[in-house]
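These notes concern the structure reproduced below.
All values below were derived from every heavy atom in this structure, side-chain atoms included, with hydrogens, water molecules and symmetry-related copies excluded. On a predicted model such as this, the values are computed, not experimentally measured, just so you know. Whatever order the structure lists them in is the order used to number ligands and atoms, beginning at 1.
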Amino acid sequence: MTWLEMSGSRLISPMLPQVLCFAILVWTVYLVIRSIYRLYFSPLSHIPGPRFAALTKWYEAYYEIVLSGQYSFHIDKLRDQYGPIIRVAPDEIHIRDIEFYDELYAKNLHVEKPGWNVKFGSPSSVFTTIDAASHRRRRGALNPMFSRRSILSLEHLIQQRTELLCERISGFKGTGRPLSMTDMLPAFTGDMIMEYAFGFSYNQLESLNFESFHEAFMAIGSSAHVASFFPWIISAMNSLPDTRIEKAQPSMLSLLRLKRVGRTIETHARSKPEEGKEQISKTTIFSEILASENLTAYDKAHQRLADEANILVAAGVETTAFALCVGVFHIVNTPQIYSRLKNELFNSLPAGDHEIPSLLELEKLPYLRACIQESLRLSYGLSARNPRRHPDRTLNYKNQYIIPKGTKVSMTIVDVHHDESIFPDSHRFNPERWLNDPKAPDGKPLDHYLVAFGKGPRRCLGINLAWAELFFAMSMTFGRFDYTLYQTDATDIRYKYDFFTPRVKLDSKGVRVLVI
Ligand code: HEM
C-alpha cells in the first residue's frame, strides 16, 4: 500500500461524510439566500410573473427542453394572469406590447444582445456577438456586400438560380409525382447564400432529392435550447468523435456538422479558385473581412471566419425558404388569391419561358409584393424571444414599471405579427391588407409593424438578398407554373414549436404540390 493510499484511507474516508454534509449545508444556505434575494430584493422583484420563473431558470428549461420549445406559448397563456410585462426568468423580462417595440430595438449605439452566443457554438459571428462595439466593427465589414446596391449588381446570380429552380419544377410537371417545396426551397436558398457570400455552392438544387441543410437546421434549433442551459456541452462534444455523439444525442451531432461545414467553407473560400474555374461571385465575405482595416486580428482568425460562415448559412437558408413555403401553401390553398396573383403576373410578365425580369420590374407589382409581405408576416423569421440589454439606459414601461439599466428584456416577432389591433384576423393570409398604402391605427405605415427582419442596429443583415430571392422565386414559380396541393393542409405550415425558428408539427411531410 502506498503512502497516498494509506493516508487516503485513514484521513479522507472518515471525514468524507462530514465534508459532504457541510458542502450540502453551504449550498442549501446559498440557495435560500439567493431565492430570497431573487423574490424580494432583486431590482426585478416588482415585475409580475410566476414565482418559479423568478426563482430559477429551470422553470424555463422545463418548457423549452422537456416540453420542446413551448415556453413562448406558455408565456402567452401567462398574459391573462399577469398582463403585458412578465418576469420570465430570474434575469429576464418579456414584453408583449407593440408600442414598446421601437423603444427596445432603438438605434442605440450601446445596446447589447445577450444569450444567443451560447446557442449555436458559433459565439463570434455577427449574429451572436453580444457587445455593441464588437458587433458594429464586425457588421461594418459585411454591410457593403449586403447593401441593396451590391444585390442589384449581382442579381444575375439570383436570376440564374431561379432559372434552375424553374427547371426543377418543370421536371415534375404533369407527372403526378408530388414536389416537396419544403425540400426544394432550402436547396435554392442554400445555394444562393453560399454562391453570394462564399463564391461557390454545393449545388444542392441540382441534387436528385434536393439535399439541403434543412434537416440539420431543424435539429440545431431544438439543440439550441439544450445549449442555452448547458453551454459547456458544445465544447465537450467538440472533443468527442461524431459516432459517439450521434448515439448519445443525435440532434447535437448536426450542430457539430454545421461547425464543420463552417470550417470547410472557410478553407474552401480562402483557397484560390481551381484553374479554369472562375469564382461565381468575385467578392466573398472572407475577402471583405480579410481586407477590412477596422477589424482586429482576432476578427480575422480562422475560427471566427468559420463562425461567420456557419451563421450566415443558418440565417439565410431556413428563414427565406419557410417564408416561401408559407406563401406557396396559402396562395395555392386560396383560389381568389391564386387567380389574382396569376392575373397580375400574366399581365405584367412576357408569356412563356421568357427571360426573368429585373428586380426593379418585379418590385413594381403590388399584389406580388403584398403576397410576399403576408408570407413574411406569417412565417415570422424567428420565433425565439429576441433579447436586448441597454447598459446605459433605464427603460420606463408606460410609467408603470422602471426597468433598470442592464436588464435583459425580450420581445417576440410572433406577438407583433398577431397583434389584432394592427393585423385584424391576424391568422388569415390576406394580401389585400397590404394594398393601397395602408396605415396602422396610429397613422404609421402598416409595414412599420412588419418586423420579420427585426429592427434597429441588429436588423437582418441579409434583408436585401432575402427580398430579392422572395421576389424572383415567388414571381417565377407562380408566373410559369400551376399547382394543386398534395396531401398538405394548414398544419404543415402552422407554428407549433419554438426551435429558434418556427417549427411545424414534427411528423409533417412538408408543403407538397402537384405541378399541373
Ligand atoms: C425571409 C428571410 C429572412 C428573415 C425573415 C430574416 C430575419 C432575421 C431576423 C429576425 C434577424 C434578427 C434581428 C434582430 O436581432 O433584431 C436576422 C438577423 C440576421 N440575418 Fe436574417 N433573415 C432572413 C434572411 C437572411 C439572409 C438571406 C441572410 C444572409 C445573409 C441573413 C443574415 C442575417 C444575419 C447575418 C443576421 C444578424 C444581424 C446582426 O445581428 O447584425 N438573413 N434575420
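- Checking side-chain atoms of Glu469 against main-chain N and O of Ile158 turns up no donor-acceptor pair under 3.5 Å.
- Listed by number with element, the atoms of ligand 1 under 4.0 angstrom from any heavy atom of Leu376 are 1 (C).
- Atoms of ligand 1 lying under 4.0 Å from at least one heavy atom of Asn386, given by number and element, are 14 (C), 15 (O), 16 (O).
- Taking only nitrogen or oxygen atoms, main chain and side chain alike, Arg388 reaches within less than 3.5 Å of ligand 1.
- Close placement of the Phe200 and Tyr202 rings is indicated, their centers lying within 6.0 Å of each other.
- Neither the backbone nor the side chain of Thr129 comes within 4.0 Å of ligand 1, counting heavy atoms alone.
- Distance from atom 11 (C) of ligand 1 to its nearest protein heavy atom, with residue and atom name: Leu382 CD1, 4.0 Å.
- For atom 26 (C) of ligand 1, the closest non-hydrogen atom of the protein is Gly316 CA, 3.4 Å.
- Near Gly381, meaning under 4.0 Å from one of its heavy atoms, ligand 1 places the atoms 5 (C).
- The nearest protein atom to atom 41 (O) of ligand 1, hydrogens excluded, is given as His135 NE2, 2.6 Å; this is a heavy-atom distance.
- Under 4.0 Å from ligand 1, the heavy atoms of Phe146 that appear belong solely to its side chain.
- Considering backbone and side-chain N/O atoms, Lys113 comes within less than 3.5 Å of an N/O atom of ligand 1.
- Residue contact check: Ala466 has heavy atoms under 4.0 Å from atoms 2 (C), 24 (C) of ligand 1.
- Less than 4.0 angstrom separates some heavy atom of Thr319 from each of these atoms of ligand 1: 1 (C), 2 (C), 3 (C), 4 (C), 6 (C), 22 (N), 23 (C), 24 (C).
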Check your understanding: Hey, mind stepping through Phe210 and Phe188 against ring pair (Phe, Tyr, Trp, His ring centres under 6.0 Å) and telling me if it holds?
Key -> CA-CA 9 Å; Phe210 303 118; Phe188 167 72; over 10 Å; no
Point to revise | Verdict with supporting geometry, Leu470 and Leu376, side-chain contact (heavy atoms from CB on, under 4.5 Å) | key: CA-CA 10 Å; Leu470 291 165; Leu376 284 167; 3.9 Å; yes
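- Side-chain contact, Thr182 with His214: no donor N or O sits under 3.5 Å from an acceptor N or O.
- No donor-acceptor contact under 3.5 angstrom links the side chains of His225 and Asp498, judged on distance only.
- Of the protein's heavy atoms, Ala452 O, 3.2 Å lies nearest to atom 7 (C) of ligand 1.
- Interface atoms of ligand 1 facing Leu312, defined by a heavy-atom separation under 4.0 Å, are 30 (C), 35 (C).
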Point to revise | Chi angles and distances behind the side-chain hydrogen bond (donor to acceptor under 3.5 Å, both in side chains) call for Gln303, Ser124 | key: CA-CA 8 Å; Gln303 185 50 53; Ser124 65; over 6 Å; no
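- No part of Leu142 comes within 4.0 Å of ligand 1, judged by heavy-atom distances.
- The nearest heavy-atom contact from the protein to atom 22 (N) of ligand 1 is Cys460 SG, 3.0 Å.
- Of the protein's non-hydrogen atoms, the one nearest atom 37 (C) of ligand 1 is Phe127 CD1, 3.1 Å.
- Residue Asp299 is tested with Arg139, Arg136, Arg137 for a salt bridge (charged side-chain N to carboxylate O under 4.0 Å, His left out); the sole match is Arg137.
- Atoms of ligand 1 lying under 4.0 Å from any heavy atom of Ile413, numbered from 1 in the order shown and given with element: 10 (C).
- The closest protein non-hydrogen atom to atom 33 (C) of ligand 1 is Ala315 CB, 3.7 Å.
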Review point. What's the verdict on side-chain contact (heavy atoms from CB on, under 4.5 Å) for Cys166 and Phe481, showing C-alpha distance, side-chain angles and the deciding distance?
Key: CA-CA 9 Å; Cys166 291; Phe481 303 97; 3.9 Å; yes
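- Donor-acceptor pairing under 3.5 Å is lacking for the side chains of Asn294 and Ser292.
- Shortest contact from atom 4 (C) of ligand 1 to any protein heavy atom: Phe453 CE2, 3.4 Å.
- Here the rule is ring pair (Phe, Tyr, Trp, His ring centres under 6.0 Å) with Tyr497, and of Phe500, Tyr495, Phe499 only Phe499 fits it.
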Review point. What do the steps show when you test Met476 against Leu165 for side-chain contact (heavy atoms from CB on, under 4.5 Å), and what is the final call?
Key: CA-CA 9 Å; Met476 289 301 113; Leu165 183 75; over 6 Å; no
Check your understanding: Taking it one step at a time, do His418 and Tyr380 satisfy ring pair (Phe, Tyr, Trp, His ring centres under 6.0 Å)?
Key -> CA-CA 10 Å; His418 285 299; Tyr380 318 118; 5.5 Å; yes
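- For ligand 1, none of its N or O atoms has an N or O atom of Glu469 under 3.5 Å away.
- Within ligand 1, counting atoms from 1 as listed, the ones closer than 4.0 Å to a heavy atom of Arg139 are 38 (C), 39 (C), 41 (O).
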